[in-house]
There are 2 protein chains.
Amino acid sequence: MNRPVTLKDIARETGVHVSTVSRALDPNARTSLTREVVERIRTTAERMGYRPNRLASGLRTKRTMSIGLMIPDIENTLFPPIVRGAESVLEPAGYTSIIVNTDSDRKRETKLVDVLLERGVDGIIHAAPYRSDPRMVEVARRGLPMVTVNRQIENCDIPAVVNDDPGGIAMMLRYLHEKGHRRIAHIAGPKNLSTGRTRIEAFRATAQELHLDLPDEALVVSDYFDEQEGRRCTLQLLDSGTGFTAILCANDRLALGAFDALRRRGLSCPEDVSVTGYNGIPFLDLIPPGLTTIQIPQFDIGRIGAELLIKMMADPDVTIPRTTILPVKLVERGSVKRIDPA
Amino acid sequence: MNRPVTLKDIARETGVHVSTVSRALDPNARTSLTREVVERIRTTAERMGYRPNRLASGLRTKRTMSIGLMIPDIENTLFPPIVRGAESVLEPAGYTSIIVNTDSDRKRETKLVDVLLERGVDGIIHAAPYRSDPRMVEVARRGLPMVTVNRQIENCDIPAVVNDDPGGIAMMLRYLHEKGHRRIAHIAGPKNLSTGRTRIEAFRATAQELHLDLPDEALVVSDYFDEQEGRRCTLQLLDSGTGFTAILCANDRLALGAFDALRRRGLSCPEDVSVTGYNGIPFLDLIPPGLTTIQIPQFDIGRIGAELLIKMMADPDVTIPRTTILPVKLVERGSVKRIDPA
DNA sequence: TGAAATTGCGCAATCGATTGCACGAATACT
DNA sequence: AGTATTCGTGCAATCGATTGCGCAATTTCA
C-alpha cells in the first residue's frame, strides 16, 4: 500500500515549509501568502494527488467534520428518508455521518454514544430517543451539539424537530368523525416514547371535543411500534367486546398489523372496520386497501434537524427553539369507509 | 464542554508514565507489567471515565477501526438488510461503519471514495459497483482491503460475494415453464451492472435449454433497476406486439413497475400475464397479487462480505476466493398462474 | 557470590496537520 | 533618510496514543 501524500511531501517538492503548505491549502487562511506561492503549492498538491488526513487535522483542531446519526433501525422504512434528508445538508457542508442503529435498546444506545464520542463526532442527531434519556442529556449538557428529530426527550433543552402530532391526530380523528364514525378505537404507541404519549393525549382531547364515547377498552397501548404489536392490540380490541367501527392507529406499522389481525378474524377493511395509520411510510399505496394515513415530512425532518445542528456546531451559543414543529397532511386512501352514524 | 480524560490524566493520577498507562490498557500488550500496576491503572481509568481517542490512536497506528460501506441508496429496501448483516459482524469486532450513498453516480462514487480514504477507513465494502470500475480497482490495488457484495467488478481480483444468479434465473424460468408458460418475456437489468448481465445471460441460456422461442422483441433491457423502468419496459413489450404469457423481471422493482403498467393497460396479473421478480425485498408479501420471486440472502450477503473483509484486514496476504456464491430460493406467491401450454 | 539474563517501566520520537510567535524583508510614513 | 508597519514565511509546539530502545532493579544460574 503506497503511502498517501502528506503536507510534508508537498513541502519537500515545492521547497517551502510544511506550515506554508498548510496555509496555502486552507481556503480561509488568516495569514496572507503570495499568490504565486499559493498557486504553485496548490497545483503540485493537485498533481501529487494530495488528500488531507482527517485524523490528523481532527486531532489538532478538535473538529472531525463528522456527526453521529442515531436511529432505531435502518430497516424500518421510516428512517432512511430522514437519513437522506439529514445528509442532504450535511454532505454539502463537508460533514460525514456515522449512522448507528440503537434497536431501541438503552444499553446499546449508551454503548453507541461512547462509540460516537470516541470518534470525536462534532454533533449528534438522535432520531430515536426515549422520553427520558439521562445519558443523552448529560452528553448534551457537556457541550456536544445535539438535536433530536421525530421524537423528543422531555425535561431538557435539547432542540427537537417534531411533527405536528396533536394536529395530525386531531385531523385524522375529525376525518373519521366526518365519515360518520362514532365508536373509534385507538391503538396507542409506547408510553415511553414522546410520539406515543403525544398522540394518545391528542386522541383523548379530540375525542372529548367531538363528544365521542370512549370506553377504556377502546384504547390499547402497544409496547412497540411494529406490526406484531398492531396485531396483538387489534385482537385485544376485538376480544374486549367493545364495539367500534374504526381503529385509529398511532403509526402505520401498527395499522399494518391491524390489517392482518382483521383478516385473520375474517373481517375486512374497510367494509367491517376502518383503519388509519400515521407517518406515511413507503409502499403504503401498494398495499390494499391502501392505508389512509397522516403523512409526515420525513425528508424535511432530517434536513431541518441537520440544519439546526450545523448552526449549533458553528456557534455553541446560538439559541435554537426548543421545538420545531413540522406540518403534516392527511392522505386519503381506501382503508376508511363512510358509514351512517348509527 | 469539559475536556475528555486522556492517558496523560491517568498517568498523572496514578503516578506512572503515560506509556505505561497505554500498555496497561492495551489488552494484548507485548511488554509485561506488574499485575498490581495494571490493576491500579485499569481501575482509575474506569473511575475517571476514560475513553480512548480513536483519532489519536488511528493517526499513530494507521488503523482507524472503521470501514466504508458503499451502497447505491439507503432508501432502496434491498440494502438495509445487507447493512445490518455487515454490521452484525463488524460491530462486535470493534469496527464502525461509514455508510455512503452513491446514488449509482460515478462522479459521486469517486468523491465518496476520497471521503472514505481521508477518514482512513481500514477497508471498504461496496454493494453497488459497476461491472467496470477503474477507480475502485486502483484503490484496491494500492492495498486497501475491499470486497464487493451483491454485485461484482469484472476483470479484477477484488473478492465478491454474490448470489447464485444463474441458478436463480434458471430456477425461475424452469418454474414458469413447468407452469405451462412457453412465450416468456424478460425485462433485463442494466447492462453495466454485473447482476444485469449475469441474469440476462442465464435467461438466454436457460431459454435455449428449454427450447423456448425467444424473439428479440421479447427481451427489453432496462436502464435502471426501478419501478419506472419496469413500467416503461412493460409498455414497450406490450406495444411490440410480441405475444407472451409471462414476464420474468430481473428484479423486484422492475416487477412492481410491470404490475403497474399491466394495470394501466387494463390487464390483470396473473390472469392475463404472469410476472416474477428477483431479490425478495420486504413488503412483497403484502402487495397483491403477491410477487413470486427469487429470495436472495440479503443479511448473509452483508455478513459474509464483512467476514471476508475482516480476514483481509487482519492479514493482507490471505487468499480469499475471487467469488463467494450464495444460494437463493424461489418464493411462490400469487403472481404466476398455471396455464395450458398452448 | 558474581556475572548473565530477565523483568518492569520511563524516555522520547512519531503519526500529519494546525497555529501562535518570531524574524527578516519589503513597504509606508514622517 | 530613518523609523515604524506590514507582509510573507519559517520554527516549533501541540493534539493523544503508540512503541522501539534503554536502563535499573530483580532474578537466575554457575
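Order of the sequence lines sets the chain letters (A, B, ...), proteins ahead of strands, with each chain counted from 1. FYI, side chains are in, hydrogens and waters are out, and symmetry mates aren't considered; it's all heavy atoms of this structure.
- Here the side chain of Thr34(B) is nearest to one of dT18(C), dC9(C), dG8(D), namely dC9(C).
- Distance from the side chain of Ser22(A) is smallest to dT18(C) among dG10(D), dT18(C), dA17(D).
- Not a single donor-acceptor pair under 3.5 Å links the side chain of Arg303(B) to the backbone N or O of Ser88(B).
- Side-chain proximity of Ala56(A) to dA17(C), dC9(C), dG8(D): nearest is dA17(C).
- Residue contacts for Val21(B): at a heavy-atom cut-off of 4.0 Å it reaches no nucleic acid atom on any strand shown.
- Counting non-hydrogen atoms under 4.0 angstrom, Ser19(B) reaches a base of the nucleic acid.
- Contact check on Asp26(B) versus Arg23(B) returns no salt bridge, with no Lys/Arg side-chain nitrogen under 4.0 Å from an Asp/Glu carboxylate oxygen.
- If you measure from atom CG of Leu59(A) to atom P of dA17(C), you get 12 Å, rounded to the nearest angstrom.
- Taking atom CZ of Arg63(A) as the reference point, atom P of dC15(D) lies 19 Å away to the nearest angstrom.
- The environment of Asp315(B) atom CG is dense: over 12 non-hydrogen atoms of other residues, nucleotides or ligands sit within 6.0 angstrom.
- Regarding contacts with the backbone of dC11(C), a side-chain N or O of His17(B) is found under 4.0 angstrom from either OP1 or OP2.
- Between Glu13(B) and Lys8(B) there is no salt bridge, since no side-chain nitrogen of the basic residue lies less than 4.0 Å from a carboxylate oxygen of the acidic one.
- Listed candidates were dA13(D), dG10(C), dA12(D). Nearest to the side chain of Arg60(A) is dA13(D).
- In this structure, CD of Glu39(B) is placed 17 Å from C1' of dG8(C), rounded to the nearest angstrom.
- With rounding to whole Å, Asn53(A) atom CG is found 21 Å from dT14(D) atom P.
- With distances taken from any side-chain atom of Lys8(A) to the nucleotides dA17(D), dG8(D), dC15(C), the minimum falls on dC15(C).
- As rounded to whole Å, 12 Å separates atom P of dA17(D) from atom CZ of Arg12(B).
- Picking from dG16(C), dC11(C), dG16(D) the nucleotide with the shortest atom distance to the side chain of Lys62(A) gives dG16(D).
- Between the side chain of Thr61(A) and the base of dC15(D), no donor-acceptor pair under 3.5 Å is found.
- Closest contact between the side chain of Arg23(A) and the listed nucleotides dG20(C), dG16(C), dA13(C) involves dG20(C).
- Taking a cutoff of 4.0 Å between a charged side-chain nitrogen and a carboxylate oxygen, Arg135(A) and Asp114(A) qualify as a salt bridge.
- Between Arg3(A) atom CZ and dT14(C) atom C1' there is a gap of 13 Å when expressed in whole angstrom units.
- Side-chain atoms of Thr6(B) stay outside donor-acceptor range of the base of dC15(D), with no qualifying N/O pair under 3.5 Å.
- When the C1' atom of dA17(C) is taken as reference, atom CZ of Arg54(A) falls 12 Å away, rounded to whole Å.
- When the C1' atom of dC9(C) is taken as reference, atom CG of Asp26(B) falls 15 Å away, rounded to whole Å.
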